[in-house]
Amino acid sequence: DKMSKCKGNIMYADDLVRLFGVDAIRYYLLHEIPFSNDGVITYELIIEKINSDLANILGNLVQRTISMANKYFNGSVMNKRVNDDVDDALVSMVNSLSDNVSLRMDKLEIGNAISAIFDVLRLCNKYIDDTMPWVLAKDSLNSDRLETVLYNLLEAIRVCAVQLLPFLPSTGKEMLRQLGQSREEFGFITDNSYSVLLPTPLFQRIDMALKLEEIKSYGL
């Protein structure tokens, strides 16, 4: 059904923000509901997107990357330029991100613009699986390669944070803060340096049943 005061199925922005936070709701509305068209919104769908996209793809990536930088290099990471073929796809996708986002925004395809950013974040997660930093860390001879891998991840996350600022401003700023970065270039910087902070979760996973009970208790 469409929302209607007569049907009593209205969702108010203040309630949604109180339940899920501003950026989570911004993400759902901008990504899931096409510009100038009708869209579907339910509490269940909001929770699913927070858990799958914001907590898992984005939040988990940022937390484990910064954690590895702290664990293996005391938070200080530079580009040692010990490169492998697997790096090229990540760097290339990062460098094309600005054009991809701009192209979609020019067509008012806001959801697709955000998807382009999350495609890079997904590739970052795959890059971790492919490079296996925890294996590299077992041999001191691989130290420069390990630092290069973490640099590539941190730099890719930085670019994604900058691209997210118009859509999820608080989240983008918090990502840059945890990265210890103020640089907002759209492209992959090869000579940047990182002194990361201790990671804090950007988004917490939500227990669907408990959250729905909470919503029900509010009479929503």
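Keep in mind that this is a model prediction, so the values were computed, not measured.
In terms of heavy-atom proximity, Ala55 sits nearest to Arg205 at CB-CG, 3.8 Å. Of all the heavy atoms in Ser115 and His31, the pair that sits closest is OG-NE2, 2.8 Å. Counting all heavy atoms, side chain and backbone alike, Leu202 lies closest to Gly59 at CD1-CA, 4.3 Å. Between Cys124 and Leu153 the shortest heavy-atom distance is O-CD2, 3.6 Å. The minimum heavy-atom distance between Ala69 and Val196, with the atom names listed, is CB-CG2, 4.0 Å.
By the criterion of side-chain heavy atoms lying less than 4.5 angstrom apart, applied directly or through intervening Ile, Leu, Val, Met, Phe, Trp or Tyr residues, Val159 is grouped together with Val91 in one hydrophobic cluster. In the hydrophobic clustering of ILVMFWY residues, with side-chain heavy atoms under 4.5 Å counting as a link, Leu54 and Leu165 come out apart. Residues Val162 and Leu123 do not share a hydrophobic cluster, defined by chaining ILVMFWY side chains whose heavy atoms lie under 4.5 Å apart. Placement of Leu45 and Leu210 in two distinct hydrophobic clusters is found when ILVMFWY residues are connected by side-chain heavy-atom separations under 4.5 Å, directly or transitively. Under a hydrophobic clustering in which Ile, Leu, Val, Met, Phe, Trp and Tyr are joined whenever their side-chain heavy atoms come within less than 4.5 Å, directly or via other members, Leu121 and Phe167 fall into the same cluster.
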When the side chains of residues 186-194 are checked against the rest of the protein, which donor-acceptor pairs come out under 3.5 Å, sequence neighbours left out?
from: Asn192; atom 1: ND2; to: Glu155; atom 2: OE1; distance (Å): 3.2
from: Asn192; atom 1: ND2; to: Gln181; atom 2: OE1; distance (Å): 3.1
from: Tyr194; atom 1: OH; to: Leu154; atom 2: O; distance (Å): 3.3
from: Tyr194; atom 1: OH; to: Glu155; atom 2: OE1; distance (Å): 2.6

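With contacts defined as side-chain heavy-atom distances shorter than 4.5 Å, the pair Leu58/Met175 qualifies. At a threshold of 4.5 Å between non-hydrogen side-chain atoms, the residues Ile47 and Tyr28 do not count as touching. With contacts defined as side-chain heavy-atom distances shorter than 4.5 Å, the pair Thr200/Glu174 qualifies. Using a 4.5 Å heavy-atom threshold, the side chains of Phe73 and Met78 count as separate. In this structure, the side chains of Asp15 and Tyr218 stay at 4.5 Å or more apart for every pair of heavy atoms. Considering only heavy atoms from C-beta on, Asn83 comes within 4.5 Å of Arg81 through its side chain. Residues Gln178 and Gln63 form no side-chain contact, since every pair of their non-hydrogen atoms from C-beta on lies 4.5 Å or further apart. Taking 4.5 Å as the limit, some side-chain heavy atom of Pro199 sits within range of a side-chain heavy atom of Asn70.
With hydrogens and angles ignored, the 3.5 Å screen pairs a side-chain donor or acceptor of Arg158 with a backbone N or O of Glu185. Side-chain atoms of Ser217 come within 3.5 Å of backbone N or O of Glu214 as a donor-acceptor pair. Panel note: side chain Asn100, backbone Ala116; no donor-acceptor pair is recorded below 3.5 Å. No side-chain donor-acceptor contact under 3.5 Å links Ser92 to the backbone of Asp88. Looking only at distances, a side-chain donor or acceptor of Asn51 sits under 3.5 Å from a matching main-chain atom of Ile206. Within the 3.5 Å criterion, the main-chain N or O of Lys80 finds no donor-acceptor partner in the side chain of Asp144. Formation of a donor-acceptor pair under 3.5 Å by the Ser96 side chain with backbone atoms of Met93 is found in this model.
In this structure, Lys211 does not pair ionically with Asp207, as no charged nitrogen and carboxylate oxygen lie closer than 4.0 Å. Using a 4.0 Å cut-off between charged nitrogen and carboxylate oxygen, Asp129 and Lys126 do not count as a salt-bridge pair. Between Arg145 and Asp87 there is a salt bridge, since a side-chain N of the basic residue sits under 4.0 Å from a carboxylate O of the acidic one.
Evaluation of the salt bridge (Lys or Arg N to Asp or Glu O under 4.0 Å) test over residues 26-47, restricted to residues two or more places apart or in two chains, returns Lys2-Asp38, Glu32-Lys49.
With values rounded to the nearest 0.5 angstrom, Leu97 atom CG is found 9.0 Å from Asp119 atom CG. Here Leu30 contributes atom CG and Leu168 contributes atom CG; the two are 7.5 Å apart, rounded to the nearest 0.5 Å. Rounding to the nearest 0.5 angstrom, the gap separating the CD1 atom in Ile33 from the CG atom in Asn37 is 10.5 Å. Annotation: the span from Asn152 atom CG to Leu90 atom CG amounts to 6.0 Å, rounded to 0.5 Å. Annotation: the span from Ser140 atom OG to Leu146 atom CG amounts to 11.5 Å, rounded to 0.5 Å. Leu19 CG to Ile50 CD1: the interatomic distance, rounded to the nearest 0.5 Å, is 9.5 Å.
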Practice task
Evaluate the side-chain hydrogen bond (donor to acceptor under 3.5 Å, both in side chains) criterion for residues Tyr151 and Glu147: first the C-alpha distance (whole Å), next the side-chain angles of each, then the deciding distance (0.1 Å), finally the verdict.
Solution key: CA-CA 6 Å; Tyr151 178 89; Glu147 191 167 356; over 6 Å; no

Exercise for the section: Let me see the working for Thr65 and Tyr127 under side-chain contact (heavy atoms from CB on, under 4.5 Å), right down to the final yes or no. Expected result: CA-CA 11 Å; Thr65 300; Tyr127 179 79; over 6 Å; no

Practice task
Run the numbers on Arg64 and Asn125 for side-chain hydrogen bond (donor to acceptor under 3.5 Å, both in side chains), then give the verdict.
Solution key: CA-CA 10 Å; Arg64 67 174 175 162; Asn125 282 307; 3.2 Å; yes

Practice task
Quick one: do Val82 and Val149 satisfy side-chain contact (heavy atoms from CB on, under 4.5 Å)? Show the steps, please.
Solution key: CA-CA 8 Å; Val82 181; Val149 166; over 6 Å; no

Practice task
For side-chain contact (heavy atoms from CB on, under 4.5 Å), just list the numbers for Leu179 and Arg177, CA-CA rounded to whole Å, side-chain angles, deciding distance to a tenth of an Å, and then say yes or no.
Solution key: CA-CA 5 Å; Leu179 293 172; Arg177 186 192 73 81; over 6 Å; no

Problem - Worked verdict on Tyr27 versus Phe203 for ring-ring contact (aromatic ring centres under 6.0 Å, His included) - result: CA-CA 12 Å; Tyr27 178 80; Phe203 295 93; 8.2 Å; no

Problem - Working for side-chain contact (heavy atoms from CB on, under 4.5 Å), residues Leu29 and Ile41 - result: CA-CA 8 Å; Leu29 295 178; Ile41 181 171; 4.0 Å; yes

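Heavy-atom neighbours of Asp14 CG from other residues, nucleotides or ligands within 6.0 Å: at or below the threshold of 12.
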